[in-house]
Amino acid sequence: MDTETSSFETSEMLATFLASTPLLPESWRLCNLANANSPQGFVAEQIGSIGYVAFSGIQSVSGSDPSFKNLVPLPDDGSGMFYPLHRQTEGEEPVLVQGALLRIFENIYKDPSFQNQMQTLMQTSKSIIFTGHSVGGATASLAALWLLSYLQSNFLNPSVLCITFGSPLLGNETLSRAILREKWGGKFCHVVSKFDIMPRMLFVPMDPIAPLMKPLLHFWHMNMNSPPFGLLAVPLSDDSMAQIFRHVFFHLGSLVETGEEAVTGGMYRPFGNYFFCSEDGAICVDNAASVVKMMYLLFEMVSPSSSIGDHLKYGDYVGKISLQFLEKRSFMQGELPESSYEAGVVLALQSTGISCKEQIAGTATNCLKAARRLGRTPNLNCANLAIKLSKINPYRAEIEWYKALCDRSDDQMGYYDSFKQRGASKRDFKVNLNRHKLAQFWDNVINLFESNQLPHDFHTQGKWVNASQSYKLLVEPLDIAEYYRTGMHRSKGHYIDHGRERRYRIFDRWWKERSVRGENYKRSKFASLTQDTCFWASVEEARDLLDGLRSTSDPSHLALLWQKIDGFASYANALVENKEVSIDVVAKNSSYSLWLKDYNELKSQMVQFRPLFLSFVNEEMVP
């Protein structure tokens with residue numbers, strides 16, 4: 001079998017499956033109902049075990065933002081409405097969504113009727129489907145994101161699917177990445193007719209055509225609310241339709257020609273599966289760059305009036321898709337190539353209404369093939385990293401062997417201090433070299449992840465979260481030892497605030513955000529590795545604090561120093577008592593054991609002079 005066959009059949013199979021169920025016609029029926037008669041902005045209905053919520057597409061968005069250009073942060077007010085979407089990586093911009101569309105959803109969300117009906121559906125439905133046409137589609141997407149967040153926080157089970165028809169774009173690249181990270185991309189299906197201008201509008205600057213948006217929305221709303229009366233609506237002039245079309249087509253083309261970075265880095269970015277439909281069938285595309293390119297290529301075949309009118313024809317497409325999927329295969333069989341992969345390409349093109357003989361067929365073919373390659377690349381990179389990880393495991397094993405030797409050494413200094421005070425032996429040199437090689441590998445992992453070359457949920461996968469944590473526990477104490485061995489703390493400051501590598505902070509976040517239950521247990525013996533990887537840096541700071549006690553006589557400063565020292569002593573004692581440290585921490589000649597000895601001596605001296613010390617402090621604090 002061709003190695004690329006399965007990747008291309010996936011989109012064809014997904015489109016076929018969706019078209020063969022009643023989900024599309026039922027969703028469209030409820031969209032029409034919501035558009036025609038829904039003063040609340042939505043309708044809810046249960047059919048068997050499936051609950052449907054459809055949002056009206058004739059909500060007003062033209063008041064304060066007729067150009068749709070206003071992106072605002074997704075609410076993060078502590079209510080947890082969209083909590084999972086706010087777990088950005090370091091340096092990533094916040095999740096932004098279109099402001100007017102967000103206000104529509106927030107108004108519906110606050111409606112007690114919506115809350116009551118959602119509670120009922122969650123109790124009685126196995127699946128909940130949000131749907132909407134036009135602006136209602138964006139509202140449906142927000143509702144789905146809210147419910148997915150709610151279900152995750154409350155460990156509830158109903159499955160969620162969002163089906164939109166001709167929906168405008170909703171948010172920025174951070175939103176798209178967050179949805180992929182949570183593995184929610186497959187829960188969104190955006191049905192887009194090949195000529196509809198609405199899903200394409202927010203890819204381009206809207207200011208030049210903003211004055212034309214109000215009459216365009218009015219024309220659409222009249223037809224959506226009551227198709228017979230829509231015939232009485234004043235259509236846009238040919239010049240207005242041509243102006244809108246040329247503007248969108250030109251800027252969409254410029255965006256595509258600029259390349260991948262521009263396509264994926266604009267203000268708005270697609271997410272989920274895009275179900276491109278035509279008179280000949282439909283295909284699904286889930287790669288954002290390919291979605292934009294397909295929108296542009298299909299737009300090359302349209303007239304200005306068709307780009308406006310196609311926004312109102314989803315009912316026609318939905319009604320024909322199932323039959324056309326069956327007819328298309330027998331009718332076109334003779335034109336299919338022998339290669340199963342190329343056959344899949346041809347079928348996909350024909351599903352969008354593009355014949356192999358048309359001028360854009362070659363470009364469209366390359367676009368669909370690239371979508372499959374782009375879709376596989378992160379997983380292939382992840383697989384290659386797994387191979388590289390296995391190859392660097394010997395470096396880690398050598399460091400573990402070194403630690404075991406240090407912990408059993410007669411000098412009783414332990415792992416940290418042995419490396420800090422190491423000599424020029426071949427063994428010490430090899431361990432230090434391995435430390436650098438492991439750092440290079442993990443820095444490369446982070447670079448790949450942050451440049452979108454790994455799966456978006458990579459940092460939640462147990463294999464990599466555990467591997468990064470194990471690396472951090474083993475190697476960061478060596479980095480701390482090297483930092484203080486070379487005196488970097490004297491020029492830069494202490495390690496935790498001024499010397500800690502960025503990768504460790506990232507791994508801290510990955511470990512903290514992992515989903516693990518039942519971790520609370522009492523250890524019966526010391527940990528193999530100290531669980532606080534910055535413990536030795538804290539010991540070094542505490543040593544400086546003790547030196548500070550000996551060199552100052554200011555009572556208020558002394559009180560502050562003792563407060564910090566006592567705080568660390570209590571923390572360290574709790575770690576030791578709970579056996580959250582490695583055996584090297586309590587070694588006789590370790591930095592911690594020596595510090596603890598000095599601390600106890602100074603503490604006993606302070607107790608002898610405590611009355612005098614307290615009087616000095618009280619005098620200092622009296623106003």
Side-chain angles (χ1 to χ4, degrees), residues 4-16 18 164 167 169-173 175-177 179-180 185-186 188-196 199-204 248-249 251-278 280-302 341-342 344-354 356 358-381 451-456:
E4 304 227 31
T5 299
S6 61
S7 66
F8 211 42
E9 284 180 347
T10 300
S11 67
E12 186 76 5
M13 290 170 63
L14 179 57
T16 304
L18 190 58
T164 71
S167 171
L169 296 169
L170 178 60
N172 64 346
E173 180 179 1
L175 173 64
S176 177
R177 286 176 56 84
I179 290 170
L180 287 170
F188 293 86
C189 177
H190 305 290
V191 182
V192 175
S193 74
K194 64 178 183 179
F195 296 153
D196 186 5
R200 296 162 165 91
M201 278 188 169
L202 295 188
F203 284 119
V204 307
V248 173
F249 181 72
H251 286 282
L252 194 57
S254 300
L255 185 66
V256 170
E257 290 175 5
T258 303
E260 171 79 9
E261 183 176 348
V263 168
T264 59
M267 287 180 62
Y268 289 89
R269 180 181 172 99
F271 62 85
N273 298 286
Y274 271 71
F275 190 92
F276 289 100
C277 59
S278 71
D280 301 303
I283 61 166
C284 280
V285 179
D286 61 2
N287 175 266
S290 295
V291 166
V292 181
K293 292 175 183 177
M294 283 303 298
M295 285 189 173
Y296 170 70
L297 291 172
L298 293 172
F299 225 39
E300 287 192 14
M301 306 164 60
V302 68
Y341 175 60
E342 293 298 332
V345 175
V346 172
L347 286 172
L349 285 179
Q350 292 168 354
S351 295
T352 60
I354 300 175
C356 294
E358 292 193 42
Q359 185 176 357
I360 65 170
T363 306
T365 297
N366 293 334
C367 176
L368 291 175
K369 288 181 177 180
R372 298 302 161 268
R373 290 194 298 272
L374 292 170
R376 291 194 312 277
T377 297
N379 290 325
L380 290 175
N381 288 340
S451 60
N452 301 327
Q453 296 182 63
L454 293 173
H456 289 272

Fill in the blank from the handout: Scanning both residues in full, the closest heavy-atom pair of His251 with Val204 reads CB-CG1, 3.4 Å
Exercise for the section: With rounding to the nearest 0.5 Å, note down the distance linking OG1 in Thr164 to CG in Leu170. Expected result: 10.0 Å
Problem - Sequence-distant partners of Phe299, ring pair (Phe, Tyr, Trp, His ring centres under 6.0 Å), two or more places apart - result: Phe245
Handout entry: Spatial distance of atom CE (Met295) from atom CZ (Phe203) [nearest 0.5 Å]
Key = 5.0 Å
Fill in the blank from the handout: Partner of Val285 under side chain to side chain contact (heavy atoms under 4.5 Å, CB included), picked from Asn273, Val291, Val192, is Val291
Practice task
Of all the heavy-atom pairs spanning Pro378 and Pro455, show the shortest one and how long it is.
Solution key: O-CD, 3.3 Å
Exercise for the section: Working to the nearest 0.5 Å, report the span between CG of Leu180 and CG of Leu175. Expected result: 9.5 Å
Handout entry: Glu257 CD to Leu252 CG distance, which is reported to the nearest 0.5 Å
Key = 10.0 Å
Problem - Exercise: identify the closest heavy-atom pair between Tyr296 and Gly253 - result: CE1-CA, 3.2 Å
Completion exercise
ring pair (Phe, Tyr, Trp, His ring centres under 6.0 Å) filter on Phe271, not counting sequence neighbours, yields Phe188, His190
Handout entry: Stepwise side-chain contact (heavy atoms from CB on, under 4.5 Å) check, Val256 with Val292
Key = CA-CA 7 Å; Val256 170; Val292 181; 4.1 Å; yes
Exercise for the section: Over all heavy atoms of both residues, which pair between Ser176 and Pro270 is shortest? Give the atoms and the distance, please. Expected result: OG-O, 3.2 Å
Handout entry: Cys277 backbone acceptor or donor facing Ser193 side chain under 3.5 Å
Key = no
Exercise for the section: First locate atom CE of Met294, then atom OH of Tyr274, and finally report the distance between them rounded to the nearest 0.5 Å. Expected result: 13.5 Å
